[in-house]
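Computed from a prediction, not measured in an experiment: that's the story for all the values here.
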Amino acid sequence: GRNIGIGLANIINIFNPAAIILAGEGIKAREYIESDILNYASKSYFASKQNCPVIFSKLGNDGWEIGAATAVIIELFEAPIFNRTQSPLL
């Protein structure tokens, strides 16, 4: 958990995310590594200045698939930034 926590602290310092979501097979060991992860991740600069929660996903190994599908759906149904009334070639 220590190395993951240090890595997350670096990610928080570089990107200043609103939240970090951990998922995958490593989450099965959550009870053993959670305290170290949260301890080291909270030592980053931005985590101490802002609330950057570290969330453990409950979606299991399907979380990345759900996220990818959601990103595509959002992109497909996003409102256009502008409306063309004429062809750009005219």
Between side-chain atoms of residues 30-41 and protein atoms elsewhere (two or more places apart, or another chain), which donor-acceptor pairs fall under 3.5 Å?
residue, atom, partner, partner atom, Å
R30, NE, E34, OE1, 3.3
R30, NH2, E34, OE2, 3.3

- prompt: Near F56 CZ, under 6.0 Å, is it more than 12 heavy atoms from other residues, nucleotides or ligands?
  reply: yes
- request: Check whether more than 12 heavy atoms from other residues, nucleotides or ligands sit under 6.0 Å from atom CD of E75, and answer yes or no.
  value: no
Let me confirm one number: the [atom1]-[atom2] distance from [X] to [Y], rounded to the nearest 0.5 Å.
| X | Y | atom1 | atom2 | answer |
| --- | --- | --- | --- | --- |
| I12 | N16 | CD1 | CG | 9.0 Å |
| I66 | S57 | CD1 | OG | 8.0 Å |
| C52 | I20 | SG | CD1 | 4.5 Å |

message: So, using side chain to side chain contact (heavy atoms under 4.5 Å, CB included) as the criterion, who are the partners of A19 when residues are at least two apart?
response: P53, I55
task: With L8 as reference, evaluate N3, N13, V54 under the side chain to side chain contact (heavy atoms under 4.5 Å, CB included) test and give the passing residue.
output: V54
